J.: 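Just passing along the structure, written as structure tokens.
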Amino acid sequence: MKASLGRRGVAPEDVDRVAELDVEHRKRLADREVLRAQVKALSRQVGQARKAGEGGRAAELAEESRRLGDEERAVGAEADRVAEALRQTLLELPNLPSEDAPDGAGPEDNVELRRWWPGMETGASQPEPADHQRVPHWEVGERLGILDMARGARLAGSMFPLYAGRGARLVRALTSLARDRHTDAYLEIRPPTLVLTETMTSTGHLPKFGDDAYHVERDDLWAIPTAEVPLTSLRRGEILAEEELPLRCTAVTSCFRREAGAAGRDTRGLLRVHEFEKVELFAYATEAQAPSVHADILARAEGVLQDLRLPYRVLDLCAGDLGASSARTFDLEVYSPGCDRWLEVSSVSWFRDYQARRANVRYRPDGGGAPLLAHTLNGSGLAWPRVWAALVETGRQPDGSVLLPDCLAPYLGGDLRITPPVG
RNA sequence: GGAGGCGUGCGAGAGCGGCCGAAUCGGCACGAUUGGAAAUCGUGUGUGGGGCAACCCACCGUGGGUUCAAAUCCCACCGCCUCCGCCA
């Protein structure tokens with residue numbers, strides 16, 4: 001375990017500390033239980049003695065019990081203190097990376113598994129963007145009147161985008177497209193966007209990453225950074241039947257991220273924003289089902305990009321770059337010709353039982369027996385701002401208009417061309 | 001936001017401060033009965049932790065308190081229901 005966590009940079013002493021706290025906690029609990037059992041036994045005797053009319057003996061026993069009770073409370077308080085320290089240490093410990101996740105310390109060590117581009121099946125080579133596509137989306141968007149970052153900033157500050165006209169409709173169209181693609185197997189959910197601290201803790205977003213999230217202090221609610229948060233808690237505290245698994249659902253929500261200290265060169269236009277819409281695919285599964293569910297989510301996310309005719313690549317995240325809760329993650333990055341960069345639009349992760357343990361989601365095996373922790377998996381399918389950016393840049397024509405892919409026609413009233421506003 | 005009621009096991013639903021981890025009915029599982037089924041009868045039927053066997057401990061919305069002893073009394077919070085107010 002130390003070796004496994006070491007792959008992602010956790011110091012061995014941190015693991016030792018957990019073991020020490022655990023041993024101490026167990027010892028105190030055992031001590032407490034013995035005292036507790038004595039108090040209970042004595043209390044019973046007090047009742048009997050009193051009923052038998054032996055008032056003196058009852059008083060004696062009560063006195064003895066009181067003394068043990070005080071002792072028990074002291075030991076118990078100590079046990080609680082250790083338990084809390086253990087809980088905090090454990091909550092901040094990241095998940096064990098999967099054996100299959102590549103070694104590495106950071107993003108530079110991620111492994112590119114494959115690339116896709118339109119026409120690849122028929123042998124075409126990766127397309128070289130034309131000059132008219134080499135215009136960043138914030139310029140294209142502004143000229144066409146479909147993206148207004150300045151007015152968005154006026155309303156909410158920088159990095160809160162405002163889409164207008166056909167730009168706004170494009171976001172809606174993308175959401176509809178994804179919904180239609182995924183609801184064959186995934187139950188559509190519209191969860192709350194503000195959630196309890198407990199809900200944020202279940203996914204591993206709290207306590208460690210509280211600074212990344214918006215917190216409504218007055219009501220102690222958190223704005224979700226992803227629909228993964230409410231979906232993971234959908235069945236919190238429940239024991240599912242194995243036959244219900246895999247339990248798959250999808251949700252489209254706004255996602256909020258403070259991105260503290262992120263302002264700068266990498267944040268222009270839609271590259272990084274505080275609020276965005278994202279379609280999430282989520283599943284509870286058994287350990288045996290997890291790999292195929294993981295593959296399904298990845299295939300669905302890729303399928304959307306392929307429908308949209310956008311070149312992308314698939315990254316296998318190395319142990320050092322995995323999110324804290326994840327055991328294995330594939331990132332999908334779409335190519336942005338206007339920025340000449342690969343932009344992350346989906347992260348497809350397998351959390352094993354790390355989140356289910358926090359959320360206390362279990363299932364009863366088919367043959368009966370003790371409940372087992374479920375596995376959770378999720379992936380974006382997809383996050384729209386960067387897809388929007390890639391679509392607008394990739395589809396830009398020599399005349400400055402933007403031509404969108406055919407799959408969106410049903411959602412755009414059949415009009416796939418966005419032209420500059422007249423006048 | 002105001003007033004009142006309620007929160008117990010898979011469901012319904014009892015529960016006097018000690019004999020309640022919890023009656024009873026239903027559901028479910030197994031067994032008996034049957035040619036098979038229904039009906040009937042019997043047995044079993046929560047979760048977590050410790051020893052990992054007998055057994056012990058915790059959990060009756062959550063958290064505190066009173067008590068020798070709390071599902072049972074007190075306080076706070078949360079949730080649900082009803083009525084009122086407000087609003088889309």
Side-chain angles (χ1 to χ4, degrees), chain A residues 18-91 190-202 206-207 215-222 229-230 233-245 247 253-254 284 286 353-375:
Chain A
V18 170
E20 283 164 21
L21 284 171
D22 185 54
V23 168
E24 190 181 347
H25 181 228
R26 277 171 207 271
K27 183 180 166 350
R28 308 248 183 225
L29 271 189
D31 291 350
R32 177 192 202 171
E33 278 187 15
V34 170
L35 287 166
R36 181 82 191 132
Q38 288 171 351
V39 169
K40 281 177 78 164
L42 281 172
S43 293
R44 210 165 294 137
Q45 289 171 31
V46 171
Q48 285 162 357
R50 200 162 282 169
K51 202 168 288 175
E54 304 173 34
R57 195 170 121 71
E60 259 174 56
L61 289 166
E63 179 50 41
E64 170 71 359
S65 178
R66 186 200 320 254
R67 196 182 58 70
L68 286 171
D70 289 343
E71 206 176 316
E72 183 224 327
R73 263 184 289 281
V75 174
E78 189 61 18
D80 290 346
R81 198 188 56 71
V82 177
E84 181 53 24
L86 176 63
R87 204 181 72 86
Q88 282 306 322
T89 311
L90 230 35
L91 275 179
R190 173 56 247 215
T193 322
L194 297 179
V195 299
L196 302 171
T197 295
E198 202 183 343
T199 308
M200 286 283 280
T201 306
S202 293
L206 289 177
H215 185 204
V216 184
E217 296 191 9
R218 179 167 166 160
D219 298 291
D220 194 20
L221 291 169
W222 300 80
V229 171
S233 285
L234 195 64
R235 299 300 199 97
R236 186 166 67 219
E238 295 187 33
I239 298 176
L240 312 171
E242 181 171 353
E243 61 194 23
E244 288 182 79
L245 303 175
L247 184 70
T253 66
S254 273
Y284 293 114
T286 65
D353 58 12
Y354 185 89
Q355 293 180 328
R357 181 172 290 112
R358 285 161 172 70
N360 192 223
V361 178
R362 292 165 297 170
Y363 68 94
R364 179 94 52 194
D366 274 340
L372 302 172
L373 285 168
H375 279 211

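Per chain, numbering begins at 1; letters A, B, ... match sequence-line order. Just so it is clear, the model here is predicted, and its values are computed rather than measured.
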J.: With rounding to whole Å, what would you report as the distance between B/G46 and B/A54 at their P atoms?
T.: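 So the two P atoms sit 15 Å from each other.
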J.: Expressed as a whole number of Å, how far does the C1' atom of B/G49 sit from that of B/G44?
T.: 24 Å
J.: Output the rounded distance in Å from CG (A/L35) to C1' (B/A58).
T.: 15 Å
J.: Consider only side-chain N and O atoms of A/T199 and A/R236, and report whether a donor and an acceptor are under 3.5 Å apart.
T.: yes
J.: Which comes earlier along RNA chain B counting from the 5' end, the contact point of A/I239 or that of A/A37, where each point is its nearest nucleotide?
T.: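 Whichever sits nearer the 5' end wins; that is A/I239.
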J.: Could you tell me whether the phosphate oxygens of B/A58, OP1 or OP2, come under 4.0 Å of any side-chain nitrogen or oxygen in A/R36?
T.: yes
J.: Write down the distance separating the C1' atoms in B/G42 and B/U62, rounded off to the nearest Å.
T.: 41 Å
J.: Is B/G4 paired to anything, Watson-Crick or G-U wobble with both distances less than 3.5 Å, and if yes, which nucleotide?
T.: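 B/C81 is the nucleotide pairing with B/G4.
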J.: Contact class for A/S65 vs. all strands (heavy atom < 4.0 Å): base, sugar-phosphate, or nothing?
T.: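 Sugar-phosphate contact only.
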J.: Take atom CD of A/Q45 and atom P of B/A69, then tell me their distance rounded to the nearest Å.
T.: 15 Å
J.: Is it the case that atom CD in A/E198 sees more than 12 heavy atoms from other parts of the structure closer than 6.0 Å?
T.: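 No - once you tally the heavy atoms of other residues, nucleotides and ligands closer than 6.0 Å, there are 12 at most.
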J.: For the side chain of A/R362, counting heavy atoms from C-beta on, which of B/C57, B/U47, B/C68 is nearest?
T.: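 In terms of side-chain proximity for A/R362, the closest of B/C57, B/U47, B/C68 is B/U47.
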J.: Looking at side-chain heavy atoms only, is the closest gap between A/D220 and A/V216 below 4.5 Å?
T.: no
J.: Mind calculating the distance between CZ (A/R87) and P (B/G49) to the nearest angstrom?
T.: 17 Å
J.: With the side chain of A/A62 defined as its heavy atoms from C-beta on, choose the nearest nucleotide among B/C68, B/G46, B/A58.
T.: B/C68
J.: Taking atom P in both B/A38 and B/G15, compute the distance separating them and give it to the nearest angstrom.
T.: 35 Å
J.: Atom CD of A/Q48 and atom P of B/C68: how far apart are they, to the nearest Å?
T.: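 In whole Å, B/C68 P lies 18 Å from A/Q48 CD.
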J.: When rounded to the nearest Å, what value does the distance between P atoms of B/A71 and B/C57 take?
T.: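 After rounding to an integer number of Å, I get 13 Å for this pair.
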J.: If I pick the C1' atom on B/G13 and the same atom on B/C25, what distance separates them, to the nearest angstrom?
T.: 8 Å
J.: With a non-hydrogen cut-off below 4.0 angstrom, is A/A30 in contact with a base, only sugar-phosphate, or nothing?
T.: nothing
J.: Rounded off to whole Å, could you give me the NE2-to-C1' distance for the A/H25 and B/G48 pair?
T.: 12 Å
J.: Under a 3.5 Å cut-off for both distances, is B/G18 Watson-Crick or wobble paired, and to whom?
T.: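 B/C68 - that is the nucleotide pairing with B/G18, both distances being under 3.5 Å.
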J.: Select one nucleotide: of B/C68, B/C56, B/G48, the one nearest the side-chain heavy atoms of A/E33.
T.: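 In terms of side-chain proximity for A/E33, the closest of B/C68, B/C56, B/G48 is B/C56.
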J.: Figure out the CZ/C1' separation between A/R57 and B/C68, and round it to whole Å.
T.: 13 Å
J.: If B/G51 has a Watson-Crick or G-U wobble mate with both distances under 3.5 Å, name it; if not, just say none.
T.: none
J.: Can you tell me the base-pairing partner of B/U33? Count Watson-Crick or G-U wobble geometry only, both distances below 3.5 Å, and say none if there is no partner.
T.: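 Across all strands, not a single nucleotide pairs with B/U33.
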J.: Classify A/R32 by what it touches in the nucleic acid, base, sugar-phosphate, or nothing, heavy-atom distance under 4.0 Å.
T.: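 Here A/R32 touches no strand at all.
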J.: Give me the distance, rounded to whole Å, that separates B/G2 from B/A88 when you measure between the C1' atoms they each carry.
T.: 22 Å
J.: Is the closest basic N to carboxylate O distance between A/D70 and A/R66 below 4.0 Å?
T.: no
J.: Using only side-chain N and O atoms of A/K40, determine if any of them is under 4.0 Å from OP1 or OP2 of B/A58.
T.: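 So the side chain of A/K40 is within the cut-off, an N or O lying under 4.0 Å from OP1 or OP2 of B/A58.
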J.: Identify, between A/R66 and A/S43, the residue whose nearest nucleotide on RNA chain B lies closer to the 5' end.
T.: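 The residue mapped nearer the 5' terminus is A/S43.
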J.: List the atom of A/L61, the atom of A/A49, and the distance in Å for their closest heavy-atom pair.
T.: CD1-CB, 4.5 Å
J.: Suppose we define a pair by two distances each less than 3.5 Å, Watson-Crick or G-U wobble; what does B/U45 pair with here?
T.: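 Pairing partner: B/G27.
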J.: Strictly below 4.0 Å, N to O, side chains only: are A/R36 and A/E33 in salt-bridge contact?
T.: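 No.
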J.: Rounding to a whole Å, what distance do you find between A/D80:CG and B/G63:P?
T.: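 Nearest whole value for this atom pair: 11 Å.
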J.: Between B/G9 and B/G63, how many Å separate the two C1' atoms, rounded to a whole number?
T.: 22 Å
J.: Categorize A/R364 for me: base, sugar-phosphate, or nothing, with a 4.0 angstrom heavy-atom threshold over every strand shown.
T.: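 The answer is sugar-phosphate, as A/R364 gets under 4.0 Å only of primed atoms, P, OP1 or OP2.
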J.: Given atom CD of A/E84 and atom P of B/G63, what is their separation to the nearest angstrom?
T.: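 Checked: the CD to P distance equals 13 Å.
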J.: Starting at CZ of A/R358, measure out to CE of A/M200 and round the result to the nearest 0.5 Å.
T.: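 The distance works out to 14.0 Å.
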